[in-house]
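Written below as structure tokens is the structure these notes are about.
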Amino acid sequence: MSPLPLIWKLKRLLNIGLEKKLKEAIGVVDNVVMKMIGQRRKEMTTMTTSLNKSDLLSRFMESIEDDN
């Protein structure tokens, strides 16, 4: 945490320090989640029988049509 908000905003604008690491980490997490959603969507379409999965991702995917 920077002592001054101005320093934090400057780091964020220039994409340096912890702000750069944060953006990279968010990108990695986004990629992992999108792969997981793709795999689950593929499982849901290839299975002819209804899988009663009770995990949060399956429930959420059943309620929406758009993966984004």
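Quick caveat, the model's predicted, so the values are computed rather than measured. We count residues from 1, following the sequence as given.
If you take NZ on Lys23 and CD1 on Ile26, they are separated by 9.0 Å, rounding to the nearest 0.5 Å. Going from atom CD1 of Ile7 over to atom CG of Leu4 covers 4.5 Å, rounded to the nearest 0.5 Å.
With hydrophobic clusters built from ILVMFWY side chains whose heavy atoms lie under 4.5 angstrom apart, Leu22 does not share a cluster with Leu18. Put simply, Val29 and Met36 are part of the same group of oily side chains (I, L, V, M, F, W, Y) that touch within less than 4.5 Å, one to the next.
Within the structure, no pair that satisfies the side-chain hydrogen bond (donor to acceptor under 3.5 Å, both in side chains) test touches residues 25-39, not counting sequence neighbours. Residue pairs satisfying the side-chain hydrogen bond (donor to acceptor under 3.5 Å, both in side chains) criterion with at least one member in residues 12-21, sequence neighbours excluded, are listed as follows: Trp8-Glu19.
By the neighbour-count criterion of 12 heavy atoms within 6.0 Å, atom CG of Leu14 is densely surrounded, having more than that number from other residues, nucleotides or ligands.
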